[in-house]
Number of protein chains: 2
Amino acid sequence: MDPINIRQLAERLNLSVSTVSKAFRNSSEINSATRERVLAMARELNYQPNPAAASLRTQRSKTLAVIIPAIDNTFFVQALKGIETVAREKGFHVLIYLSYDDHENEVLLTQSLQRGRIDGVLLSIADGGKDLGHLAELGAKGIPVVYFDRVYENEEYFQVTSDDHQSGFAATEHLIGLGCCRIAHLTSDRTLSIATRRRQGYLDALKKQGIEPDAALQLACSNDPEQSYQAIRALLEKEKPDAVFSSFEKLALLCYQACHDLSLAIPEAIKIISFSNLEIAPLLRPSLSTVRQAASEIGAAATSILIAQIEQKPLPASRQVTFAASLQIHASTVAPG
Amino acid sequence: MDPINIRQLAERLNLSVSTVSKAFRNSSEINSATRERVLAMARELNYQPNPAAASLRTQRSKTLAVIIPAIDNTFFVQALKGIETVAREKGFHVLIYLSYDDHENEVLLTQSLQRGRIDGVLLSIADGGKDLGHLAELGAKGIPVVYFDRVYENEEYFQVTSDDHQSGFAATEHLIGLGCCRIAHLTSDRTLSIATRRRQGYLDALKKQGIEPDAALQLACSNDPEQSYQAIRALLEKEKPDAVFSSFEKLALLCYQACHDLSLAIPEAIKIISFSNLEIAPLLRPSLSTVRQAASEIGAAATSILIAQIEQKPLPASRQVTFAASLQIHASTVAPG
DNA sequence: TTGAAAGCGTTACCAC
DNA sequence: GTGGTAACGCTTTCAA
């Protein structure tokens, strides 16, 4: 019942504490017979090493922190699954912190990250428009950090992302291919790495096809859903786009709502495609065409890299690791007729 | 850059280590002037106490573990938000572990939960049909555990849930009130606490209205989506229910898919209501009527109780804490005409 | 009000 | 191959 410590375990075995300790970390110094004996007794007495003591001694906690802006977002949920899986495989624990898209929160969180509690951090940025000094500070503390999705665009750090520019480009080309020429673009915080890249893909696709980008068709929404809904609705009414490319899932859903409320038929009157990892996108009526990110792979890769950094193992040659996103075409962007 | 320890901090202040330590835990023994001096210097030198050392000494880690069956499930996502919020308010950290609805996983996870790494556990059960000895063991280790949603039905432990029976009853009565009399019920693992309670609510509502429960209308699905889809589809074709009450969100979505594939009009030919915290339920076509649980409140309450247990603070009088779920009526259960 | 010192349970160096 | 022992950085009792 009361947790037993290594000293008591050693006494029961008539061995020294150091031998037992080595047996556990299967040091080559230890006779395999004694090792078995130690392990057997440990099981019998239900011995579990105290992580705080080990951590104090080794300066390693086998714990990672994940700081993400949101969790009611399928991308982050799936990324988290990838993170948790890889972490567990490698014997790491995962602390979760939510910044709620709020820069202040993120600053507080990174500052409270004590060296010692965690060995490394996986971070997706809350707000790219603010001073990112806290991230530099984190790095300066000597804590390894791997950024994913919404990254800190700093050559010094590993950044695991989707091919956002290319995917934005492909989504826009897809719409152009369907004959659309007034293609609206929805984004949120334009300062986010992913927002600027996706938008640039949109702009480049328009340019390639000789379509002049129209500022009136480009909307940067806030984090407030009601406000965003109104803005989107106004855009639809006033500018009468024939298609919408949304860089964010939430905005696409608001756009669906607005189209419904305005009795705009999708895809007849307006086509919609959006970055989204929503699994039930096909269940929406009409089913939503999406740009789907390799979310769990991104989470998994970021975690592998972080752990490699912690354990001083070989690392990818490039600090920029990119995963292809894929176009999932559904009813919302099918050619009429 | 290198983390400074309490001893160096004390030296810089010409104070003893113990004084500094006490100043931090604002002990009444310390002069408030010295306390200020200590805090100021700590800020200046960027001192952060080493959590492993503190933890080793106090046998407290200020860390909670959350073990949940899934995270691609809006209920758990929202519960997690409640958990994270309360934990952070009270200065606790949250470790997340996913059991993926798998009993073996859960056993391994609970066994690996070393006393010392965590001060307490929040747990929602993976599979109620299996031997729950590992949960008894967890309790025997002296680690406080609070169960939520899918609970361990054991008087000894705190259990935070929805009023599942009553909500199952209300959902069924709602369908009966619309004139339905062949009401199918979808559930998954029947051994889960919530599954049996919701189903019992269904049965009791039928009984109250003098409807004989029909075993052919009750389906217990597996965790395999394809298999579940086929079973649901077969049920719809063969039994021709005029309504479906689903105890689980995933099954309702599969049922939507099946209705669509069978060209069964919702709600004209068949009405559907389901337990679900899906925020975009209104965006489905037709919008889905749901039994919505107070997910984040449940997570928050479970966390508060767990922390109260850890800190030996006053606890709720009853070990059973229940939150009302609410019926959200949408198009999928509207009377025809 | 402040300080000295004994642990907390490990690991890792060094001796045997 | 095994054992003794000094840290790791903090909290807390006890003494001053």
Novice: So, B:E84 and B:R88, do they make that salt bridge, N to O below 4.0 Å?
Specialist: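 Answer for the salt bridge query: yes.
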Novice: With under 30° as parallel and over 60° as perpendicular, where do the rings of B:F24 and B:Y47 fit, or are they tilted in between?
Specialist: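 Correct class here is tilted.
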Novice: Looking for any heavy atom pair under 4.0 Å, which part of the strands does B:S27 touch: base, sugar-phosphate only, or nothing?
Specialist: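 Touches nothing.
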Novice: Using whole Å, what does the distance between atom C1' of nucleotide C:dT2 and atom CG of B:L13 come to?
Specialist: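 Result: 13 Å.
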Novice: Looking at B:K62 and B:E311, is there a salt bridge between them, counting it only when a charged N and a carboxylate O are closer than 4.0 Å?
Specialist: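 Looking at B:E311 and B:K62, the cut-off is met.
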Novice: If the sugar-phosphate is the primed atoms plus P, OP1 and OP2 and the base is the rest, what is the B/S/- string for nucleotides 3-9 of chain D, using protein heavy atoms under 4.0 Å?
Specialist: BB-BBBB
Novice: Salt bridge check: are A:K130 and A:D102 linked by an N-O gap of less than 4.0 Å?
Specialist: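 The answer is no: the pair does not qualify as a salt bridge.
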Novice: Send over the distance from B:L9 CG to D:dC10 P, rounded to a whole Å.
Specialist: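 To the nearest whole Å, that distance equals 9 Å.
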Novice: Can you see if the side chain of B:T34 gets near the phosphate of C:dT1 - specifically, an N or O under 4.0 Å from OP1 or OP2?
Specialist: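 No, because none of the side-chain N or O atoms of B:T34 sits under 4.0 Å from OP1 or OP2 of C:dT1.
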Novice: Going by atom types alone, do A:Q293 and A:N277 pair a side-chain donor with an acceptor below 3.5 Å?
Specialist: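 Short answer, no.
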Novice: Begin with the C-alpha distance, continue with both residues' side-chain angles, and end with the deciding distance and a verdict on side chain to side chain donor-acceptor pair (under 3.5 Å) for A:S18 and A:S21.
Specialist: CA-CA 5 Å; A:S18 40; A:S21 175; over 6 Å; no
Novice: Between C1' on C:dT10 and NZ on A:K62, what's the gap in Å once rounded to a whole number?
Specialist: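 That distance rounds to 16 Å.
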Novice: Calculate the interatomic distance between B:R60 atom CZ and D:dC10 atom C1'; express it in whole Å.
Specialist: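 Interatomic distance, CZ of B:R60 to C1' of D:dC10: 16 Å.
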Novice: In this structure, how many angstroms lie between the C1' atom of D:dT12 and the CD1 atom of B:I30, rounded?
Specialist: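 Computing the B:I30:CD1 to D:dT12:C1' distance gives 12 Å.
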Novice: Between atom CZ in A:R37 and atom P in D:dG1, what is the gap in whole Å?
Specialist: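 In whole Å, D:dG1 P and A:R37 CZ are 15 Å from each other.
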